[in-house]
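Below: the structure, in structure tokens.
Worth knowing before you read on, the calculation uses all heavy atoms, side chains too, and leaves out hydrogens, waters and symmetry mates.
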Amino acid sequence: MKIIIFGATGMVGQGVLRECLLDAGVSSVLAVGRSATGQQHPKLQELVHKDLLDFSSVEDRLSGYDACFFCLGVSAAGLNEQQYRRVTYDLTIAIAKVLLRLNPAMTFIYVSGAGTDSTERGRMMWARVKGETENALLQMPFRAACMFRPAYIQPLHGIKTKTRWYAAFYAVMAPLFPLWKVLLPKYVTTTECIGRAMLKVARQGAEKRILENQDINSICA
């Protein structure tokens with residue numbers, strides 16, 4: 001299986017990349033982003049591309065893939081709806097359209113988030129935009145499209161977030177994670193579990209097209 005990962009330098013993307021490189025059934029991984037991952041591995045290729053809204057000059061490097069794991073995203077904190085929509089909806093859909101044209105038999109897996117609003121009419125701006133993005137992806141004729149909605153994600157294996165205040169939060173939460181996992185199993189997961197669940201869905205499909213946190217944990221168990 002050949003996989004493209006967008007957002008491989010982020011916390012979730014790092015975890016997904018790790019699981020892909022460890023999986024014997026994955027023959028190659030292309031990490032696409034504005035910056036390099038800094039990793040080296042026989043399976044790993046990188047495409048550092050500054051303008052993620054225009055791949056016309058490098059389209060030849062984006063064809064021949066079985067799955068895309070889309071882990072690219074930003075926090076809505078400090079952004080208005082137009083700004084957040086541009087980097088959440090506009091960017092994602094533009095990339096998905098290119099990949100669909102080049103890889104019509106591809107499985108596209110999108111990391112959204114718990115609380116996403118599929119009606120697109122709720123009060124939370126980020127949830128509406130995420131819902132609009134999910135709905136647009138689900139209407140595209142990929143071989144399969146699946147939305148992942150994790151809640152609290154615990155980074156494992158030395159993976160760290162690039163956001164300073166998130167890093168401080170995770171440092172505090174890490175010792176408590178085993179307790180949260182027992183008390184709140186529906187609301188916590190890990191970077192490892194997300195990566196493994198993505199690989200399983202890419203291979204075997206999923207009963208649901210929208211997977212909540214509990215569904216993700218069940219798949220990777």
Side-chain angles (χ1 to χ4, degrees), residues 1-46 67-75 77 107-116 130 146-204 206 208 210-221:
M1 184 163 57
K2 299 179 65 177
I3 296 170
I4 298 179
I5 301 177
F6 282 83
T9 60
M11 188 186 80
V12 173
Q14 290 177 58
V16 171
L17 175 59
R18 178 183 185 273
E19 297 309 311
C20 289
L21 296 178
L22 288 173
D23 192 298
V26 174
S27 59
S28 67
V29 179
L30 177 65
V32 183
R34 294 190 180 98
S35 58
T37 65
Q39 298 191 43
Q40 293 187 340
H41 191 281
K43 293 183 185 180
L44 178 62
Q45 301 176 52
E46 302 215 37
C68 173
F69 298 161
F70 199 93
C71 309
L72 189 64
V74 297
S75 168
T107 293
F108 192 98
I109 299 179
Y110 176 65
V111 179
S112 184
T116 292
K130 285 281 193 181
C146 192
M147 310 297 110
F148 272 44
R149 292 183 177 181
Y152 174 79
I153 304 168
Q154 181 63 41
L156 299 180
H157 309 297
I159 290 169
K160 296 181 180 179
T161 176
K162 295 185 291 186
T163 306
R164 185 174 301 175
W165 74 269
Y166 279 179
F169 174 72
Y170 284 121
V172 172
M173 288 294 293
L176 301 173
F177 179 70
L179 178 62
W180 300 139
K181 191 174 180 181
V182 172
L183 296 179
L184 302 167
K186 294 182 180 180
Y187 305 105
V188 298
T189 189
T190 67
T191 50
E192 178 183 276
C193 186
I194 291 173
R196 292 182 179 180
M198 282 188 172
L199 287 163
K200 192 168 183 179
V201 170
R203 287 194 179 99
Q204 303 176 13
K208 304 176 183 178
I210 296 176
L211 299 176
E212 301 289 350
N213 195 92
Q214 186 177 15
D215 301 317
I216 296 167
N217 287 341
S218 295
I219 291 170
C220 81

- Item | Donor-acceptor side-chain pairing of Thr189 and Asn217 below 3.5 angstrom | yes
- Query: Rounded to the nearest 0.5 Å, what separation is found between the CD1 atom of Ile159 and the OG1 atom of Thr191?
  - Reply: 4.0 Å
- Which heavy atom of Cys220 sits nearest a heavy atom of Ala197, and at what distance? CB-N, 4.0 Å
- Query: Does a side-chain heavy-atom distance below 4.5 Å link Leu44 with Leu17?
  - Reply: yes
- Item | Any side-chain heavy-atom pair of Tyr110 and Lys130 under 4.5 Å | yes
- Message: Let me confirm one number: the CZ-CZ distance from Phe148 to Phe70, rounded to the nearest 0.5 Å.
- Response: 15.0 Å
- Item | Shortest non-hydrogen contact from Met198 toward Cys71 | CE-SG, 4.2 Å
- Item | Heavy-atom pair of closest approach, residues Cys20 and Leu199 | SG-CD2, 4.0 Å
- Query: Can you tell if the side chain of Cys68 reaches within under 4.5 Å of the side chain of Thr107, non-hydrogen atoms only?
  - Reply: no
- Between Arg18 and Asp23, does at least one N-O distance fall below 4.0 Å, as a salt bridge requires? no
- Euclidean distance, Lys186 NZ relative to Asp215 CG, rounded to 0.5 Å: 10.5 Å
- Query: What residue among Ser112, Pro150, Cys146, Ser218 forms side chain to side chain contact (heavy atoms under 4.5 Å, CB included) with Leu211?
  - Reply: Cys146
- Does any N or O in the side chain of Lys43 come within less than 3.5 Å of the main-chain N or O of Val29, such that one atom is a donor and the other an acceptor? no
- Atom pair CD1/CD of Ile216 and Gln214 - distance to nearest 0.5 Å: 11.0 Å
- Message: To the closest 0.5 Å, what do you measure between CG (Leu21) and NE2 (His41)?
- Response: 5.0 Å
- Item | Nearest heavy atoms of Arg149 and Ile210, plus distance in Å | NE-CG2, 3.4 Å
- Query: What are the two closest heavy atoms between Lys2 and Ser27, and how far apart are they?
  - Reply: CG-OG, 3.4 Å
- Heavy-atom side-chain proximity of Thr116 to Glu212 below 4.5 angstrom: no
- Indicate whether any N or O donor in one side chain lies under 3.5 Å from an N or O acceptor in the other, for Thr37 and Glu46. yes
- Message: Could you report the tightest heavy-atom contact between Ile5 and Ala8, atom names first, then the distance?
- Response: CG2-CB, 3.9 Å
- Here the gap from Glu19 atom CD to Ile3 atom CD1, rounded to the nearest 0.5 Å, amounts to 11.0 Å
- Query: Is the centre of the Tyr187 ring less than 6.0 Å from the centre of the Tyr152 ring?
  - Reply: no
- Polar side-chain atom of Gln154 near backbone of Thr190 as donor-acceptor pair, under 3.5 Å: no
